[in-house]
Amino acid sequence: QVQLVESGGGLVQAGGSLRLSCAASGFTFSIYTMGWFRQAPVKERVFVAAIRWRGGTTDYADSVKGRFTISRDNAKNTVYLQMNSLKPEDTAVYYCARRPTPFTQTMGRTSGDFGSWGQGTQVTVSS
């Protein structure tokens with residue numbers, strides 16, 4: 001019954017910004033570490049960012065560090081990805097994901113570390 005629904009994707013010019021949202025339901029959101037991944041056409045799904053359930057601890061892929069910010073609002077059961085200074089290489093379908101178990105002390109950086117996935121939202125960055 002876990003449901004993750006991404007929204008906020010769209011077309012943006014290079015250098016622009018976009019904010020993605022992931023609405024979660026079907027589980028106790030506040031006790032799960034959440035993450036964002038992305039997948040470009042004919043490429044593998046790769047890690048983007050993660051945020052720990054406990055507090056503000058975050059982790060980012062080197063490719064987005066300093067440009068993207070992951071955050072969460074447990075009262076709204078929502079995780080966000082603020083994307084600034086977007087580049088054409090950021091073009092991909094973005095997925096939010098949940099760790100398979102609660103209260104994890106590690107962040108997770110591979111798709112195998114996350115057991116539930118949303119359907120994704122398309123982000124296209126034009127040059």
Side-chain angles (χ1 to χ4, degrees):
Q1 288 186 287
V2 174
Q3 293 187 52
L4 303 172
V5 182
E6 302 93 337
S7 63
L11 176 64
V12 64
Q13 294 185 154
S17 298
L18 211 56
R19 190 191 195 195
L20 306 183
S21 298
C22 175
S25 62
F27 65 98
T28 304
F29 177 76
S30 63
I31 62 175
Y32 283 87
T33 289
M34 303 294 295
W36 285 96
F37 288 73
R38 67 187 183 188
Q39 187 169 23
V42 303
K43 298 190 71 176
E44 63 182 343
R45 187 172 300 183
V46 298
F47 172 79
V48 175
I51 184 165
R52 189 171 293 172
W53 67 271
R54 188 190 301 276
T57 302
T58 57
D59 189 26
Y60 299 93
D62 289 342
S63 60
V64 306
K65 193 170 298 182
R67 299 188 298 121
F68 291 12
T69 302
I70 187 172
S71 62
R72 66 191 298 161
D73 187 337
N74 288 343
K76 296 181 178 180
N77 287 353
T78 302
V79 60
Y80 305 95
L81 186 67
Q82 177 65 47
M83 306 183 294
N84 299 326
S85 301
L86 283 163
K87 306 174 181 179
E89 50 262 46
D90 294 319
T91 295
V93 175
Y94 283 70
Y95 300 88
C96 64
R98 191 203 76 173
R99 296 296 297 272
T101 56
F103 307 113
T104 53
Q105 297 304 298
T106 58
M107 298 297 286
R109 270 184 164 254
T110 70
S111 59
D113 291 327
F114 293 79
S116 300
W117 302 84
Q119 293 300 304
T121 185
Q122 176 71 48
V123 172
T124 302
V125 184
S126 62
S127 59

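As the structure is a prediction and not an experimental result, all values here were calculated from the model.
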## Note on the structure
CZ (R98) and SG (C22) are apart, to the nearest 0.5 Å, by 11.5 Å
### Message
Rounded to the nearest 0.5 Å, what separates atom OG in S71 from atom CZ in R19?
### Response
5.5 Å
### Task
Spell out, as yes or no, whether a donor-acceptor pair under 3.5 Å connects the side chain of E6 to the backbone of Q119.
yes
### Message
Test your reading of the model: is there a side-chain donor-acceptor pair from R67 to the backbone of S85, 3.5 Å cut-off?
### Response
yes
### Message
With side chain to side chain contact (heavy atoms under 4.5 Å, CB included) as the criterion, how do N84 and S17 come out once you've worked through the C-alpha distance, each side chain's angles and the decisive distance to 0.1 Å?
### Response
CA-CA 4 Å; N84 299 326; S17 298; 2.9 Å; yes
### Task
Considering only Ile, Leu, Val, Met, Phe, Trp and Tyr, and joining two whenever side-chain heavy atoms are under 4.5 Å apart, list the other residues clustered with F37.
F47, V93, Y95, F114, W117
### Query
Which atom pair, heavy atoms only, marks the closest approach of D113 to G108?
OD2-CA, 3.5 Å
### Task
Heavy atoms only: give me the nearest A14-S127 pair and the separation to one decimal.
CB-CA, 4.3 Å
### Task
Report the C-alpha separation of M83 and V12 in whole Å, then their side-chain angles, then the decisive distance to 0.1 Å, and conclude whether the side chain to side chain contact (heavy atoms under 4.5 Å, CB included) test is met.
CA-CA 11 Å; M83 306 183 294; V12 64; over 6 Å; no
### Query
I70, V46: one ILVMFWY side-chain cluster at the under-4.5 Å cut-off?
no
### Query
Looking at T106 and R99, what are the two nearest heavy atoms and their distance?
O-NH1, 2.7 Å
### Query
Is a donor on one side and an acceptor on the other found under 3.5 Å between the side chain of T91 and the backbone of V125?
yes
#### Entry: Gap separating the NZ atom of K65 from the CG atom of D59, nearest 0.5 angstrom
7.0 Å
## Note on the structure
One should read off an interatomic distance between T57 OG1 and M107 CE, to the nearest 0.5 angstrom, of 6.5 Å
### Query
In terms of hydrophobic clusters joined by side-chain contacts under 4.5 Å, are F29 and V2 together?
yes
### Task
Quick one: sort the F103 and W53 rings into parallel, tilted or perpendicular, breaks at 30° and 60°.
perpendicular
### Query
In the single-linkage hydrophobic clustering (I, L, V, M, F, W, Y; side-chain heavy atoms under 4.5 Å), do W36 and F27 co-cluster?
yes
### Message
To the nearest 0.5 Å, what is the distance between OG on S116 and CD on Q1?
### Response
12.0 Å
### Task
Group every Ile, Leu, Val, Met, Phe, Trp and Tyr by side-chain heavy-atom contacts under 4.5 Å, then state whether Y80 and V48 land in the same group.
no
### Task
Please check if atom CD in Q105 has more than 12 non-hydrogen atoms from other residues, nucleotides or ligands closer than 6.0 Å.
yes
### Message
Could you tell me if the side chain of Y60 sits less than 4.5 Å from the side chain of T69, heavy atoms only?
### Response
yes
### Message
Please give me the minimum heavy-atom distance between A40 and A92, naming the atom from each residue.
### Response
N-CB, 3.8 Å
### Task
Write out all pairs satisfying salt bridge (Lys or Arg N to Asp or Glu O under 4.0 Å) with one or both partners inside residues 40-55, taking only residues at least two apart or from two chains.
none
### Query
Which heavy atom in S30 sits nearest to a heavy atom in N74, and how many Å separate them?
CB-ND2, 3.6 Å
### Task
Would you name the heavy atoms of L18 and G10 that are closest together and state the gap between them?
CD2-N, 3.8 Å
## Note on the structure
Residue set satisfying salt bridge (Lys or Arg N to Asp or Glu O under 4.0 Å) with R38, at least two apart, ordered chain then number -> D90
#### Entry: Separation between CD of Q82 and CG of L20, rounded to the nearest 0.5 Å
8.5 Å
